[in-house]
Amino acid sequence: MTEAATSAAPALSEKARAVLGKRNLIFVGLMGAGKSAIGRLVAQSLSIPFIDTDAEIEKVSRMTISELFAAYGETEFRALETRVIERLLRGGPRVVSTGGGAFINENTRHQIKIGGISIWLKADLDVLWERVNKRDHRPLLKTENPRQTLENLMIQRYPIYAEADVTVLSENVRKDVMVNEVLAAVANLSGESELPSEGELQ
Ligand SMILES: Nc1ncnc2c1ncn2[C@@H]1O[C@H](COP(=O)(O)OP(=O)(O)OP(=O)(O)O)[C@@H](O)[C@H]1O
Ligand SMILES: O=C(O)C1=C[C@@H](O)[C@@H](O)[C@H](O)C1
Ligand SMILES: [Mg+2]
């Protein structure tokens, strides 16, 4: 176990785990929000499996996301993403970190909404940019002005991410602080009637 995983208060992890039941916890949000990094640590704290949908797509296709975009285009990538996520959401509980565009696709968003509790890691442009500009593996940001592209995506997507069950601000604080904020937000959901019931899950 990592330091971050062990540092979450056990009572908080237990409460969040109880709220989750058989439901998945599904991270959504823009590139660089921390879905993969924080999702992995949250799964460790909850002692449930972690899956990253981008990594799973790369595994099943034996191609990188960039190669998939280049060979088949975004539309085909989204169709594959929907199928993979639908499969991964069966048989929870799991923590599932999605790719940045997954919740924007109507079909995938529907799967996520019925598959568990969705959590939006919301970050401002400076935070996202500082994190994503260090690497160039994100095909949507291979533009003349990637910072502007990221800002345009924020404008288009933030109203849709806002449909998630929970929103947690992703700031430049230590990852274990983020993990605790996520666990607290989930723990506080007890009694919310809008969430998909465990009985509805496949
Ligand atoms: N709270 C944090 N503090 C500092 N760095 C962070 C924090 N959260 C994430 N990071 C770092 O930011 C980078 C991007 O995070 P991550 O890959 O988890 O984003 P993502 O939301 O999964 O993006 P994508 O949609 O592209 O998969 C990583 O290097 C990660 O370690
Ligand atoms: O924001 C997006 O649309 C994407 C984010 C990444 O996680 C990958 O899923 C892919 O690069 C597309
Ligand atoms: Mg990721």
Side-chain angles (χ1 to χ4, degrees), residues 2-5 7-8 25-45 50-61 63-85 88 95-109 111-112 118-143 146-158 160-161 164 167-183 185:
T2 67
E3 194 192 325
S7 63
L25 182 62
I26 307 145
F27 282 85
V28 305
L30 258 189
M31 296 170 260
K35 304 178 297 292
S36 303
I38 305 303
R40 178 179 299 280
L41 296 174
V42 167
Q44 286 175 10
S45 281
F50 169 74
I51 298 201
D52 185 273
T53 66
D54 282 339
E56 183 70 13
I57 288 167
E58 292 188 333
K59 195 170 121 193
V60 298
S61 66
M63 293 169 86
T64 66
I65 304 282
S66 285
E67 287 167 349
L68 280 167
F69 266 72
Y72 302 111
E74 182 170 352
T75 308
E76 281 301 310
F77 172 79
R78 296 296 171 206
L80 175 60
E81 184 174 51
T82 304
R83 290 200 298 278
V84 167
I85 290 180
L88 293 178
V95 173
V96 179
S97 291
T98 62
F103 199 63
I104 306 306
N105 179 282
E106 204 179 338
N107 294 332
T108 314
R109 186 162 68 251
Q111 295 301 330
I112 292 172
S118 51
I119 181 157
W120 175 24
L121 291 186
K122 180 182 184 184
D124 71 27
L125 183 60
D126 287 339
V127 168
L128 295 173
W129 177 244
E130 187 202 312
R131 292 181 188 163
V132 299
N133 80 8
K134 293 182 184 134
R135 294 185 62 194
D136 70 346
H137 67 295
R138 294 174 169 97
L140 291 184
L141 296 182
K142 286 181 181 152
T143 62
R147 194 178 199 277
Q148 184 62 54
T149 305
L150 196 58
E151 187 171 10
N152 294 345
L153 285 172
M154 285 179 75
I155 293 165
Q156 288 162 19
R157 292 179 172 184
Y158 274 25
I160 301 175
Y161 293 138
T167 299
V168 170
L169 285 185
S170 175
E171 295 170 304
N172 276 335
V173 294
R174 279 181 18 209
K175 289 179 188 164
D176 59 330
V177 173
M178 285 299 311
V179 169
N180 273 316
E181 285 182 18
V182 166
L183 293 174

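Both counts, for ligands and for their atoms, begin at 1 and track the order of listing. Only this structure's heavy atoms are used, side chains among them; waters, hydrogens and symmetry mates stay out. Model, not experiment: these values are computed from the prediction.
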Is there a side-chain contact between [X] and [Y] in this structure, where contact means two heavy atoms from C-beta onward sitting under 4.5 Å apart?
X    : Y    : value
I26  : F103 : no
V173 : M178 : yes
W129 : P146 : yes
L41  : D176 : no
I85  : V96  : no

Using a strict cut-off of 4.0 Å, indicate which atoms of ligand 2 neighbour a heavy atom of [X].
X    : result
G99  : 7 (O), 9 (O)
F77  : 9 (O)
I65  : 10 (C), 11 (O)
R78  : 2 (C), 3 (O), 12 (C)
G101 : 1 (O), 2 (C), 3 (O), 4 (C)

**Prompt:** Which part of L140 is near ligand 2, with near meaning a heavy atom under 4.0 Å away: side chain, backbone, both or neither?
**Reply:**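 It is the side chain that gets close, since no backbone atom is under 4.0 Å.
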**Complete:** Residues with a heavy atom under 4.0 Å from ligand 1, by chain and number, are L30, M31, G32, A33, G34, K35, S36, A37, D54, G100, R131, R138, E171, V173, K175, M178
**Request:** Around atom 5 (C) of ligand 2, find the nearest protein heavy atom and jot down its residue, atom name and distance.
**Result:** G100 N, 3.2 Å
**Request:** Considering heavy atoms of the protein only, find what lies nearest to atom 11 (O) of ligand 2 and give residue, atom and distance to 0.1 Å.
**Result:** P139 CD, 3.5 Å
**Message:** Side chain or backbone, does D54 bring an N or O within less than 3.5 Å of an N or O on ligand 2?
**Reply:**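 So ligand 2 has an N or O lying under 3.5 Å from an N or O of D54.
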**Request:** Examine R157 against ligand 2 and note whether any of their N/O atoms are separated by less than 3.5 Å.
**Result:**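 R157 vs ligand 2: N/O contact under 3.5 Å present.
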**Prompt:** To the nearest 0.5 Å, what is the distance between CG (L88) and CD (E56)?
**Reply:** 5.0 Å
**Request:** Using a strict 4.0 Å threshold on nitrogen-to-oxygen distance, state whether E106 and R109 make a salt bridge.
**Result:** no
**Which atom of L121 lies closest to which atom of K35, heavy atoms considered** =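 Closest heavy-atom pair between L121 and K35: CD1-N, 3.8 Å.
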**Asked** Testing V132, L125, N133 for side chain to side chain contact (heavy atoms under 4.5 Å, CB included) with R147, which one passes?
**Response**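 Only match with R147 under side chain to side chain contact (heavy atoms under 4.5 Å, CB included): L125.
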**Prompt:** Hey, is there an N, O or S on M31 sitting under 2.8 Å from the Mg ion (ligand 3)?
**Reply:**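 No.
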**Message:** Less than 3.5 Å apart, any donor N or O on the side chain of N107 or Q111 sitting next to an acceptor on the other?
**Reply:**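 No donor-acceptor contact under 3.5 Å links the two side chains.
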**Request:** Go through the side-chain N and O atoms of R138 and T149 and say whether any donor and acceptor fall under 3.5 Å apart.
**Result:** no
